[in-house]
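Throughout, a chain's letter reflects where its sequence line sits, starting with A, and its residues are numbered from 1.
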Number of protein chains: 2
Amino acid sequence: MTLLAGRRTGTVDHGGSLERARALFPGAPEPFVDLSTGINPHSYPLFELPATALSRLPEPGRARDLAAVAATAYGAPSAANVVPAPGTQILLPRIASLVRPGRAFVLGPTYQEHARAAAIAGHEVAEVRDFARLADANLAVVVNPNNPDGRVISRLELLGLGEKMRAKGGLLVVDEAFMDVGPGAESLAGNVDQGGIVVLRSFGKFYGLAGIRLGFAIAHGSIAERLEEELGPWSVAIPALEYGIKALSDGAWQTYMRAMLAQAAHRLDQAFARAGVITTGGTSLFRHVDIADAAGLFRALGREGILVRAFADRPTQLRCGLPGHEVEWRRLEVALGDWAQDRQAMRR
Amino acid sequence: MTLLAGRRTGTVDHGGSLERARALFPGAPEPFVDLSTGINPHSYPLFELPATALSRLPEPGRARDLAAVAATAYGAPSAANVVPAPGTQILLPRIASLVRPGRAFVLGPTYQEHARAAAIAGHEVAEVRDFARLADANLAVVVNPNNPDGRVISRLELLGLGEKMRAKGGLLVVDEAFMDVGPGAESLAGNVDQGGIVVLRSFGKFYGLAGIRLGFAIAHGSIAERLEEELGPWSVAIPALEYGIKALSDGAWQTYMRAMLAQAAHRLDQAFARAGVITTGGTSLFRHVDIADAAGLFRALGREGILVRAFADRPTQLRCGLPGHEVEWRRLEVALGDWAQDRQAMRR
C-alpha cells in the first residue's frame, strides 16, 4: 500500500499533449504520431450540426434525450440513473465528495486522477494492490478494465464490494472508461439501483471524440439527482449533446468499430512481437508493455516522432495507443524494427 | 429579506427553452422569436475549427493561452487569476463551497442560480434587497450589472464589501455576466488580488455563443488554483477554447458590437414606448419591463410566437432580449402594437 499525498496532489502528467512531445523530442519528424492516449483514432463520422448549435443555450430536453440514449447504450436501469457531464474528469471530485472525508483506496496502479480527486475531497488516499483491501475503505475506486494493464475485476466481485460499501455508507466507484471495448458482461451499469455504486462511462475514447468533452455517471437515482444539481443546467455543450445522441444510438457503428479495434490491437501486438516485445495486456484501445528497457524504447520512438505513454513511477512500463492511418502504422513498425536491430547490435 | 429553501432548492425555471415555449403556446406561429434570454443574437462569426478539434484531447497549453487572452480582455491582473470553465454555471457551487457553510446573502431579485448553488454548498441562503445587509453574510453575491433590472453597484462600494468579507474569511462573488455591455469601470476583475473576491465572466452571452459553454472565474491566485484543481484537466472543450481565444482577442469586433447592441436596445425601448410601455432599466442585451398587465403582455406575445421572460415571483415584471433579424423585429413591433390596440379597445 502506497500512501499518497494529503489534501493536494498538484498536477498529474497525462498523455495526449503534443506540446509536451515537442518539448521532449525537439528534433523529431513532424507530424507526431500520438500513441500516448487510449483514444480511438477512427473517430465517429463528423456531421453538420444545426446552424444554432453554437449560439443557443442547450435545451434541457436534449440532455434528457441523451441520458435516455446513454441508459440504453450502457445498460443502465433508466435515464434517471444517468448524469451527462462535460467529461467524467470534472465529476471525480464531486463523486468523491459524496462520502464524508475518510479513507479512499484506489486499486492500482491505475489512472492517477482518481487519487487526486479523492484527495481534493478531503480523503486520505492510498493505492492498494489487493482487491480485498478495498473493503476497508470509505471510498473504493476500481478502473475496469484497468488502465494501463487491462486487468478485469468480475462483476460478481464488484457487486459484493458495492454491497459492503453501501451497508456502511461508503461508495464504490467503478470507472468503466474503456468498457466499450471490454467484457460488457462485467459492467456494473445495470446494478446501480442497489446503491453505494457509481459507474463512470467515457464517451470520447471509444468514439474518438475527446475534444467535445462528454462523459457519464451512472448511479442510484438519489445520487444521480445530487450530481445533476451540482452540475446545474446546460453543463453539456450542444456539439457534445448532438454527437452523444447520434453515436450512442448507432449500434451498427459500435459493432463494426469493436471488431476493427480488436484487429488493430492484434496488429499492434504483432508489431511489438516482431521487435521482440511481448505485450502484457491492455484493451483494444491501447496495449501494455513491461520490459527492462522501456525508457530506451520510449526515447527511440520519440526521436522518430512517435509518442507513447511512459510512467514516472513505473520505469519498465509503457502504454501504446493505436495508430490510425497506414502511414502511422508504417512509421511505428519501422521505428520498432530499427530499435530492435540497434538493441541486437549493442548486445553483440 | 426572503428566506429561501434550505439544502436543496430543486430546479429553477430559466429562459432559453423552445420546448417550454411550444408547450406554453401550442398554436403559436413558428419559428419562435426567442427573446427570453440575454444572449446576443449577433453571434461572433463562425470559423472552421482544425480537423482534429473534436477528436483530440484539449491541449493544456491552449487553456493557458485562453486564460492569458481572457486576463487581458477582462482586465484581470494576470492569467494566473483566470480559471476557464465549461460555463460559469458549473462553477457556482464550487465557489460557494470555498466558504464554510454559513449565511449566504444574495442581492436580489436576481439570477436565481446563485441562491440554488449556495444552498447546495450547505449555506443558509437569503435574498436581501439592501446592499448594506450583504456585509453580515459569510458569502455575499452581487450580479453587476444586475439581471434583470440592470442595477449597477459601484466598484468602490464593492471593494469595501470585498475587504470586509476578506477580513472575516468570507467571500464576495460578483457575477459580471453582462459587464461586457455594462460600465467597464465598475468591474472588479482588476482587484481580485486583494483576496476575498471572485468575479464571474460569461462568454456565451455577449459573443452569442451560449451553446459552446465557456465562462471564467477571476480570483486571487490561491482561489484560482483551488478551482482549477476541482475542474481538473480538459474541462473546456476544444471548440470553446478556440472560439474563446479568437473572440476575446478581437477588440474591433467587441467595440463594433457594443455600439450595435446599444442601438438595438434603444430600438427595443422605442418599440415598447410606442405600445405605451416605458422600459425600466436592463442592459444592452435585455430590457426590463414593470407593468401591471405583464402577464397579459407575456401571453399576447406568446400567442404570436414571441417568447419573453416572465418571473413566477414577480408577476408585474418581464425581461425582453434583442431580436436579431429584421423579420423578428417586425414580428415583435406588430405584436406589441396589436396588444396596445386591444388594451385600448378594452378600456373604452
Side-chain angles (χ1 to χ4, degrees), chain A residues 8-12 14-20 34 37 39-41 43-44 46 49 51-62 85-87 89-90 92-94 97 113 116-117 120 204 208-214 225-226 229-241 243, chain B residues 8-12 14-20 34 37 39-41 43-44 46 49 51-62 85-87 89-90 92-94 97 113 116-117 120 204 208-214 225-226 229-241 243:
Chain A
R8 301 283 179 93
T9 57
T11 320
V12 174
H14 297 283
S17 172
L18 289 183
E19 288 161 7
R20 219 176 142 264
D34 184 9
T37 76
I39 298 165
N40 184 355
S43 302
Y44 189 81
L46 300 187
L49 292 170
T52 54
L54 302 187
S55 58
R56 285 189 59 83
L57 274 174
E59 285 280 350
R62 212 59 186 143
Q89 182 65 43
I90 210 165
L92 302 186
R94 306 284 46 85
S97 300
E113 286 291 326
R116 198 181 69 84
I120 286 176
L209 293 169
I212 65 172
R213 312 309 300 140
L214 180 61
E225 202 180 321
R226 170 79 190 168
E229 279 180 358
E230 299 236 14
L231 293 177
W234 321 300
S235 74
V236 176
I238 295 182
L241 288 177
Y243 272 95
Chain B
R8 300 285 179 93
T9 57
T11 320
V12 174
H14 298 282
S17 172
L18 289 182
E19 288 161 7
R20 216 174 146 265
D34 183 9
T37 75
I39 298 166
N40 184 354
S43 302
Y44 189 81
L46 300 187
L49 292 170
T52 54
L54 301 187
S55 58
R56 287 189 58 83
L57 274 174
E59 287 280 350
R62 213 58 185 142
Q89 183 64 44
I90 208 164
L92 302 186
R94 306 282 50 81
S97 299
E113 286 291 327
R116 199 182 68 85
I120 287 176
L209 293 169
I212 66 171
R213 312 309 300 138
L214 179 62
E225 202 180 323
R226 172 78 191 168
E229 280 181 356
E230 300 236 14
L231 294 176
W234 321 301
S235 75
V236 176
I238 295 183
L241 288 178
Y243 272 95

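Interface residue A:Y243: only side-chain heavy atoms are found under 4.5 Å from chain B. Of the two parts of A:I90, the backbone and the side chain both hold a non-hydrogen atom closer than 4.5 Å to a non-hydrogen atom of chain B. With a threshold of 4.5 angstrom between heavy atoms, A:S43 approaches chain B through side-chain atoms but not through N, CA, C or O.
Put simply, of B:S235, B:A240, B:G232, the one with the most heavy-atom pairs under 4.5 Å next to chain A is B:G232. Your options are B:P93, B:G204, B:A53, B:S55, and the one with the most heavy-atom pairs under 4.5 Å with chain A is B:S55. Of the listed residues (B:L214, B:I238, B:L209), the one with the most heavy-atom contacts under 4.5 Å to chain A is B:L209. Counting heavy-atom pairs closer than 4.5 Å to chain A, the top residue among B:P60, B:P41, B:G61 is B:G61.
Of all heavy-atom pairs spanning B:I120 and A:E229, the tightest one is CD1-O, 3.1 Å. The minimum heavy-atom distance linking A:R62 with B:E19 is given by the pair N-OE2, 3.7 Å. Residue B:G211 comes nearest to A:P239 through the heavy atom pair O-CD, 3.8 Å, listed as atom of the first residue, atom of the second, then distance.
Listed for the A:E59 side chain is a donor-acceptor partner under 3.5 Å among the backbone atoms of B:L18. Not a single donor-acceptor pair under 3.5 Å links the side chain of A:R56 to the backbone N or O of B:I39. Looking at B:R213, its side chain does come within 3.5 Å of a backbone N or O of A:W234 through a donor-acceptor pair.
With sequence neighbours excluded, no residue forms a side-chain hydrogen bond (donor to acceptor under 3.5 Å, both in side chains) with B:N40.
A distance of 8.0 Å separates CG in B:L54 from CG in A:L49, rounded to the nearest 0.5 Å. Taken from CZ in B:R116 to CD in A:E230, the straight-line distance is 9.0 Å, to the nearest 0.5 Å.
Inter-residue side-chain proximity for A:E113 and B:P233 is flagged as met; some heavy-atom pair is nearer than 4.5 Å.
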